[in-house]
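If you're wondering where the values come from, they're calculated on a predicted model, not measured in any experiment. Within every chain, numbering begins at 1; the chains are lettered A, B, ... in the order of the sequence lines, protein sequences first and strands thereafter.
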Protein chains: 2
Amino acid sequence: MAVGQNAELSASLEDYLEAIFNLARESNIARSKDIAKLLGVSRASVTGALRILKKKGLANYKPYDYVTLTESGRVAAAEIARKHRILKSFFINVLGIESDLAQQAACRAEHALGPGIIAKLMSFIEFVTHSGENGHDLTEQFQEFCKNTNRELERTDA
Amino acid sequence: MAVGQNAELSASLEDYLEAIFNLARESNIARSKDIAKLLGVSRASVTGALRILKKKGLANYKPYDYVTLTESGRVAAAEIARKHRILKSFFINVLGIESDLAQQAACRAEHALGPGIIAKLMSFIEFVTHSGENGHDLTEQFQEFCKNTNRELERTDA
DNA sequence: TGACAAAGTTAGCTAAGACTAACTATATTA
DNA sequence: TAATATAGTTAGTCTTAGCTAACTTTGTCA
C-alpha cells in the first residue's frame with residue numbers, strides 16, 4: 001500500500017487534483033494554463049500546487065512537462081469527482097436547482113461531506129428518482145409541492 | 001440599513017459568530033474561554049477573531065469584557081445557525097445519519113450552501129417528513145430501501 | 001535559424017488564521 | 001488584603017494559498 005501522504009488533503013489541493021483529473025479525461029493532457037483557467041487562479045499558483053501534489057505522491061510532475069496523476073492520485077481524484085457528481089446530481093435532480101449554481105455549490109460543499117453521508121446521499125438519490133415503480137415520481141411531487149408553497153407565500157405576502 | 005461590512009464573512013469568522021450566538025443563548029454570556037473550547041481553538045485565536053468581528057460591526061467587544069453581538073451580528077448569526085440547523089436536520093431526519101456526525105458535517109458544509117439551496121432543502125425536508133398525509137412516510141420508506149440495498153450488497157459480497 | 005510569442009517557473013510579497021509563550025487584568029480565598 | 005489562580009491579551013512565528021513581476025524554456029513561423 002502506498003504511503004498515506006494524501007491522508008490530509010486541503011480543499012484547495014482537492015480542487016487542483018479534480019481539475020487535473022477532469023482535464024485529462026477530456027483532452028487527454030492537463031496543461032498548467034488550463035488548470036489555472038479552470039480554477040480561476042494564476043499560473044504561478046498552479047506550479048506551486050503541482051509541486052505539493054508531486055511531493056504527496058499524487059501527481060507525476062516535472063517542470064516544463066505535462067502533468068499526469070499517479071495511481072493513488074487517480075484514486076483520490078476519482079473519489080473527489082464522485083462526491084462532486086453525487087452532490088450536483090442531488091441539487092439538480094432532487095432539489096431542482098439550476099445547473100450552474102448546483103455546480104458551484106457542489107464544488108464548495110464536496111470537501112465537507114465524508115464517505116458516510118455521500119453514500120447515504122447516493123442511495124437517497126436513487127430512492128427518489130427510481131420511485132416510479134411505486135406508482136409515484138417523488139421529484140415531480142416535490143416540484144408540485146414547491147409550487148403550492150410558493151403560491152401560499154405569495155398569498156400571505158399580498 | 002447598516003453598512004454591509006459582513007458582506008464577505010469567512011468560514012472561520014462564521015464559526016466564531018455562530019459560537020457566540022449559541023453560547024449567549026445558552027448561558028446568556030459568551031466567554032472567550034468557552035468560545036475557544038467550543039471551536040477547539042486557542043484563547044489567543046479567539047481574541048483575534050473578536051477584534052475582527054468588532055471591526056466588521058458584528059460584535060460589541062472591549063478587552064477584558066464580555067462579548068455580545070450587535071444587531072447586525074445577531075441577524076448574520078441567526079442566518080448561519082438556521083442553515084446549520086436545516087442541514088443537520090436533513091442529515092439526521094432524511095438521510096438517517098448519526099447525530100454527532102451530522103453536527104460536524106453540517107458545520108463544515110454550512111458555509112458552502114447559499115440561500116437558494118438552503119431554502120429548497122428546507123422545503124424538501126418539510127415535503128419528506130410531512131408526507132404522512134399522502135398515506136406514506138418517505139423517511140421510513142427510505143430506511144426500508146437502505147436495508148434492502150444493504151442486504152443485496154451483502155449477498156453480492158459473499 | 002533566429003526572433004518573437006506563449007507557457008511555465010521563480011522569487012518575493014501579502015493576508016488569513018492558527019499556534020505558543022509571556023505578559024496583564026480580574027477573581028478568589030486564606 | 002495579599003497571594004494565587006484563572007481569564008484574556010499581546011507579540012511573534014508558522015502554514016497555506018494566493019498574487020505580481022521578472023525570468024526561462026519551449027514552440028512557431030517568416
Side-chain angles (χ1 to χ4, degrees), chain A residues 5-20 23-24 26-69 76 80 104 107-108 110-112, chain B residues 5-20 23-24 26-69 76 80 104 107-108 110-112:
Chain A
Q5 301 105 325
N6 58 345
E8 300 279 291
L9 208 47
S10 72
S12 158
L13 286 178
E14 286 193 357
D15 288 339
Y16 283 105
L17 206 56
E18 189 185 10
I20 297 168
L23 285 170
E26 281 168 27
S27 37
N28 230 354
I29 39 170
R31 271 175 305 191
S32 193
K33 186 202 167 199
D34 298 322
I35 300 170
K37 193 178 176 192
L38 189 61
L39 297 179
V41 125
S42 76
R43 274 157 21 225
S45 300
V46 175
T47 304
L50 291 180
R51 274 215 292 252
I52 298 172
L53 290 177
K54 179 208 176 79
K55 207 167 64 184
K56 289 184 180 284
L58 299 169
N60 299 119
Y61 166 67
K62 271 182 140 180
Y64 298 106
D65 207 348
Y66 295 133
V67 202
T68 55
L69 295 182
I80 294 161
Q104 290 169 237
C107 190
R108 287 199 306 267
E110 146 217 320
H111 315 289
Chain B
Q5 301 109 323
N6 58 345
E8 300 279 292
L9 207 47
S10 72
S12 159
L13 286 178
E14 286 193 357
D15 288 339
Y16 283 105
L17 205 57
E18 188 186 8
I20 297 168
L23 284 171
E26 279 168 28
S27 38
N28 231 353
I29 38 168
R31 271 175 305 190
S32 194
K33 187 204 166 197
D34 298 323
I35 300 171
K37 193 178 175 191
L38 189 61
L39 297 179
V41 126
S42 76
R43 274 154 23 223
S45 301
V46 175
T47 303
L50 291 179
R51 274 215 292 252
I52 299 173
L53 290 176
K54 180 208 173 81
K55 207 168 64 185
K56 289 185 181 283
L58 299 169
N60 299 118
Y61 166 66
K62 270 183 142 180
Y64 297 104
D65 207 349
Y66 295 133
V67 201
T68 55
L69 295 181
I80 293 162
Q104 291 169 236
C107 189
R108 286 198 306 267
E110 145 216 321
H111 316 289

Item to complete: Side chain of B/Thr47 only, please: which of D/dG8, D/dT20, D/dG18 is the nearest?
Response: D/dG8

Discussion item. Can you measure A/Tyr64 atom OH to D/dT25 atom P for me and round it to whole angstrom units?
Written reply: 6 Å

Discussion item. Is the phosphate of D/dT9 approached by B/Tyr61 (side-chain N or O, under 4.0 Å from OP1 or OP2)?
Written reply: yes

Worksheet item: Quick one: OG1 on B/Thr68 to OH on B/Tyr61, what's the gap to the nearest 0.5 Å?
Response: 12.5 Å

Response to the item:
Smallest heavy-atom separation, A/Ile35 atom then A/Ala30 atom, equals CD1-CB, 4.4 Å

Discussion item. Tell me the interatomic distance from A/Glu8, atom CD, to D/dT16, atom C1', rounded to whole angstroms.
Written reply: 14 Å

Item to complete: Select base, sugar-phosphate, or nothing to describe what A/Tyr66 touches, counting heavy atoms under 4.0 Å on all strands.
Response: nothing

Worksheet entry | Whichever of A/Pro63 and A/Val41 has its nearest DNA chain D nucleotide further upstream toward 5' | A/Val41

Fill in: Interatomic spacing from NZ in A/Lys37 to OG in A/Ser32 - rounded to 0.5 Å
14.0 Å

Worksheet item: Could you state the CZ-P distance from B/Arg43 to C/dC23, rounded to the nearest angstrom?
Response: 15 Å

Fill in: Length of the NZ-C1' vector between A/Lys37 and C/dA6, whole Å
14 Å

Worksheet item: When the distance from NZ of A/Lys33 to P of D/dG27 is rounded to whole Å, what number comes out?
Response: 14 Å

Fill in: Under-4.0 Å side-chain N/O to phosphate OP1/OP2 contact, B/Ser32 with D/dA7
no

Worksheet item: How long is the line joining CG of B/Leu50 and P of D/dA7, in whole Å?
Response: 16 Å

Worksheet item: Rounding to a whole Å, what distance do you find between B/Lys62:NZ and C/dA25:P?
Response: 15 Å

Worksheet item: Is B/Ser42 touching bases, backbone alone, or none of the nucleic acid, heavy atoms closer than 4.0 Å?
Response: base

Item to complete: Please check the phosphate of C/dG17 (OP1 and OP2 only) for any side-chain N or O of B/Ser10 closer than 4.0 Å.
Response: yes

Practice prompt. Please check if atom CG in B/Asp65 has more than 12 non-hydrogen atoms from other residues, nucleotides or ligands closer than 6.0 Å.
Written response: yes

Worksheet item: Relative to the 5' end of DNA chain C, which residue comes earlier, B/Ala44 or B/Ile52, by the nucleotide with the nearest heavy atom?
Response: B/Ile52

Worksheet item: Does A/Arg31 have a side-chain nitrogen or oxygen under 4.0 Å from the phosphate oxygens OP1 or OP2 of C/dA6?
Response: no

Worksheet entry | Nearest-Å distance for atom pair CG/C1', residues A/Asp65 and C/dG8 | 11 Å

Worksheet item: OP1 or OP2 of C/dA18 sitting under 4.0 Å from any side-chain N/O of B/Ser45?
Response: no

Worksheet item: Given the rule in the side-chain contact (heavy atoms from CB on, under 4.5 Å) test, do A/Leu9 and A/Lys56 qualify, once you have shown the distances and angles that lead to the verdict?
Response: CA-CA 9 Å; A/Leu9 208 47; A/Lys56 289 184 180 284; 3.9 Å; yes

Worksheet item: Would you say C/dT9 has OP1 or OP2 under 4.0 Å from some side-chain N or O of A/Arg51?
Response: no

Fill in: Options D/dG18, C/dG17, C/dG8, nucleotide nearest the side-chain atoms of B/Leu13
C/dG17

